[in-house]
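Notes for the one structure printed next.
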There are 2 protein chains.
Amino acid sequence: MTVATLVPVFAALGDETRWSILTALGEGEASASALAGRLPVTRQAIARHLTVLQEAGLVEPVRAGREVRYRVLGAHLSSTARQLDRIGAAWERRLAAIKAIAEHPDHPEQP
Amino acid sequence: MTVATLVPVFAALGDETRWSILTALGEGEASASALAGRLPVTRQAIARHLTVLQEAGLVEPVRAGREVRYRVLGAHLSSTARQLDRIGAAWERRLAAIKAIAEHPDHPEQP
DNA sequence: GCGATGTGCAATCATCGTGTTGCAGAAATC
DNA sequence: GATTTCTGCAACACGATGATTGCACATCGC
């Protein structure tokens with residue numbers, strides 16, 4: 001699992017309208033038309049955002065008769081958060097080690 | 001602390017070039033010119049990316065004489081990850097509660 | 001069957017973002 | 001002091017993206 005796989009996830013999360021869609025879906029499943037009734041954007045625009053969110057693995061379509069409801073996948077958000085935390089922690093460790101070596105050159109870190 | 005504050009962070013993380021810059025900085029501080037020597041983009045383009053990353057709180061400029069080195073802030077990445085995890089967990093809890101009520105209407109969840 | 005509602009696809013438009021080139025200025029090296 | 005190097009700002013081209021309107025088709029309720 002490389003970082004390239006989660007770039008589209010962050011690109012999907014880097015938009016205000018998509019966040020309003022996600023928070024609305026966080027209160028329960030909803031269709032694109034239902035979301036269009038709540039948000040100040042067209043149904044077609046919401047549909048495009050939903051496909052972006054689906055390709056990022058953040059939502060899931062659920063057919064209910066003639067309408068297509070969407071469900072948020074909070075688990076995928078949490079797993080992304082775990083990867084983020086690991087990356088950030090790795091950077092912190094490495095920079096701390098560099099700083100320690102720079103300040104105390106005769107006290108190298110244990111291999 | 002609202003979600004609006006972390007939208008620019010995700011927008012900054014939703015770009016391949018910026019990730020290559022961040023991973024390069026994860027190995028140690030570097031200036032825009034030094035990064036331009038490693039990556040297949042111009043120094044000016046990298047400078048713009050660095051300002052985006054700085055406004056998102058992901059990097060920090062460090063003046064070293066006439067050159068400006070940049071340092072990654074892994075701690076901010078980790079705090080963002082924590083907020084992400086909390087949001088995803090909240091969605092999962094709420095949808096699980098809705099599903100439980102729908103399946104067992106006479107067994108309401110404890111308030 | 002007929003109207004109402006929900007979805008899908010296409011075309012269009014405006015805007016933003018990424019990357020480039022070019023030039024000017026500040027600071028270190030010789 | 002002259003040259004080199006690093007930075008900063010401006011202007012520009014090009015592609016990507018967000019949002020719109022319009023129309024065609026499927027499905028539910030009467």
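In what follows, every chain begins at residue 1, and chains take the letters A, B, ... in the order their sequences are listed.
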OP1 or OP2 of [N] versus the side-chain N and O atoms of [X]: is any pair under 4.0 Å?
X	N	value
B:Arg18	C:dT18	yes
A:Ser33	C:dT7	yes
B:His49	C:dG19	yes

Legend entry - Residue met sooner reading DNA chain D from 5', once A:Thr42 and B:Ser31 are mapped to nucleotides: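 Final value for this comparison: B:Ser31.
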Legend entry - DNA chain D: 5'-proximal contact among A:Thr17 and A:Ala64 (nearest heavy atom):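 The residue closer to the strand's 5' end, by nearest nucleotide, is A:Thr17.
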Measure the spacing between [atom1] of [X] and [atom2] of [Y] and express it to the nearest 0.5 Å.
X	Y	atom1	atom2	result
B:Arg48	B:Arg18	CZ	CZ	10.5 Å
B:Glu60	B:Tyr70	CD	OH	11.0 Å
B:Leu39	B:His49	CG	NE2	9.5 Å

Please examine the side chains of [Y] and [X], heavy atoms only from C-beta on, and report whether any two atoms are closer than 4.5 Å.
X	Y	answer
B:Leu35	B:Arg43	no
A:Asp85	B:Leu84	no
A:Ile87	B:Trp19	yes
A:Leu13	A:Leu58	yes
A:Arg71	A:Arg69	no
B:Ile46	B:Val41	yes
B:Leu53	B:Leu22	yes

Legend entry - A:Glu92 and A:Lys99 ion-paired at < 4.0 Å: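 Here A:Glu92 does not pair with A:Lys99 in a salt bridge, since their nearest N and O are not under 4.0 Å apart.
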Legend entry - Nucleic acid footprint by protein, nucleotides 22-30 of chain C - heavy-atom cut-off 4.0 Å, B for base, S for sugar-phosphate alone: B----BS--
Could you state the [atom1]-[atom2] distance from [X] to [N], rounded to the nearest angstrom?
X	N	atom1	atom2	answer
A:Leu50	C:dT7	CG	P	10 Å
A:Arg69	C:dT7	CZ	C1'	14 Å
B:Leu39	C:dT20	CG	C1'	16 Å
B:Arg48	C:dT21	CZ	C1'	13 Å
B:Ile46	C:dT21	CD1	P	13 Å

Might you list the N or O atoms of the protein lying below 3.5 Å from N or O atoms in nucleotides 13-16 of chain C, with each pair's distance?
none

Legend entry - Start and end of chain B contact along DNA chain D [non-hydrogen atoms, under 4.0 Å]: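 Nucleotide range with atoms under 4.0 Å of chain B: D:dT5 to D:dC9.
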